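This one's a predicted model, so the numbers in the text were calculated from it and none came from an experiment. Residues: numbered from 1 along the sequence shown. We use all heavy atoms of the structure for the numbers below, so side chains are in, but hydrogens, waters and symmetry mates are not.
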Amino acid sequence: MVAIIAGAFAGCISLVGFGIDSYIEVTSGVALLWRMSVDADVHRRQRNERLALKIVGTCFLALAVYITYQFATDLWSKKAPEHSIPGIILACVSLIVMPLLSRAKRKVGRALGSAAMHADAKQTEFCTYWSAILLAGLLLNTLFGVWWADPVAALIMVPIIVKEGIEGLQGKTCDDCSEV
């Protein structure tokens with residue numbers, strides 16, 4: 001919520017995208033909790049696993065569409081975002097917290113043999129990269145006045161977002177969740 005509000009005030013697409021990614025993280029977690037709650041039904045386990053992956057994949061693709069659209073409109077209109085100290089602080093904190101959280105999720109995913117948990121860990125790992133790119137864009141804008149760094153920073157992540165989204169929609173599971 002902090003990222004979306006700070007990004008909206010600053011007109012910063014990468015910060016808003018980071019906030020939306022956080023909502024995707026929550027959606028992924030909710031889908032994963034649902035999947036685990038119905039895990040006792042062995043006959044439906046695989047179907048539930050694929051459904052959880054598709055939910056996460058859809059969220060990724062929606063984020064990619066938003067970023068691409070906003071990138072084009074911001075670049076076309078040469079809309080310069082305001083400086084965002086809260087965004088810089090949030091990106092720094094995320095760079096510390098997200099790798100630890102991703103590692104913990106991978107450990108649980110291995111223990112459960114869950115591709116959905118693996119996808120959730122990848123989502124958290126993705127958030128680490130997004131944090132670094134967000135921080136770079138925010139600092140370039142704040143320190144050097146490079147207004148286009150923000151939309152470009154957001155666009156850099158689109159190929160990764162789309163790849164993860166497509167894999168989720170295809171219901172791809174990890175080949176060997178014990179190797180996750």
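Ser94 pairs by the side chain to side chain donor-acceptor pair (under 3.5 Å) definition with nothing, not counting sequence neighbours. Taking Leu75 as the reference, Phe71, Trp147, Trp148, Pro151 meet the side-chain contact (heavy atoms from CB on, under 4.5 Å) condition, with sequence neighbours excluded. Residues satisfying the side-chain contact (heavy atoms from CB on, under 4.5 Å) test with Phe9, not counting sequence neighbours, are Ile5. A search for side chain to side chain donor-acceptor pair (under 3.5 Å) contacts involving Lys163 returns Glu167, not counting sequence neighbours.
Separating the CG atom in Leu101 from the CZ atom in Arg106 is a distance of 11.0 Å, to the nearest 0.5 Å. Atom CZ of Arg103 sits about 13.5 Å away from atom CE of Met98, to the nearest 0.5 Å. Taking NZ of Lys105 as the start and CG of Leu100 as the end, the distance is 12.5 Å to the nearest 0.5 Å. Here the NZ-SG distance, from Lys79 to Cys12, works out to 9.0 Å after rounding to the nearest 0.5 Å.
Residues in residues 127-138 take part in these side chain to side chain donor-acceptor pair (under 3.5 Å) pairs, two or more places apart or across chains: Glu125-Tyr129. Within the structure, every pair that satisfies the side chain to side chain donor-acceptor pair (under 3.5 Å) test and touches residues 4-20, not counting sequence neighbours, is listed here: Ser14-Asp150.
Residues Phe126 and Ile161 are in side-chain contact: their nearest non-hydrogen atoms beyond the backbone lie under 4.5 Å apart. Using a 4.5 Å cut-off on side-chain heavy atoms (C-beta onward), Leu155 and Val158 make contact.
No continuous path of hydrophobic side-chain contacts links Leu53 to Val26 [ILVMFWY only; heavy atoms under 4.5 Å]. Under the 4.5 Å side-chain heavy-atom criterion for Ile, Leu, Val, Met, Phe, Trp and Tyr, Ile13 and Tyr69 are members of distinct hydrophobic clusters. A chain of hydrophobic side-chain contacts below 4.5 Å, direct or via other Ile, Leu, Val, Met, Phe, Trp or Tyr residues, connects Phe144 to Leu15. Put simply, Leu143 and Leu95 are part of the same group of oily side chains (I, L, V, M, F, W, Y) that touch within less than 4.5 Å, one to the next.
When hydrophobic side chains of Ile, Leu, Val, Met, Phe, Trp and Tyr are connected at separations under 4.5 Å, Trp76 ends up as a singleton with no cluster partners.
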Output a table of donor-acceptor pairs, distance under 3.5 Å, between side-chain atoms of residues 56-68 and any protein atom two or more places apart or on a different chain; print 'none' if there are none.
| from | atom 1 | to | atom 2 | distance (Å) |
| --- | --- | --- | --- | --- |
| Thr58 | OG1 | Lys54 | O | 2.9 |
| Thr68 | OG1 | Ala64 | O | 2.8 |

Show which side-chain atoms of residues 80-93 pair as donor or acceptor with protein atoms under 3.5 Å away, not counting sequence neighbours.
| from | atom 1 | to | atom 2 | distance (Å) |
| --- | --- | --- | --- | --- |
| His83 | ND1 | Thr142 | O | 3.4 |
| Ser84 | OG | Gly87 | N | 3.1 |

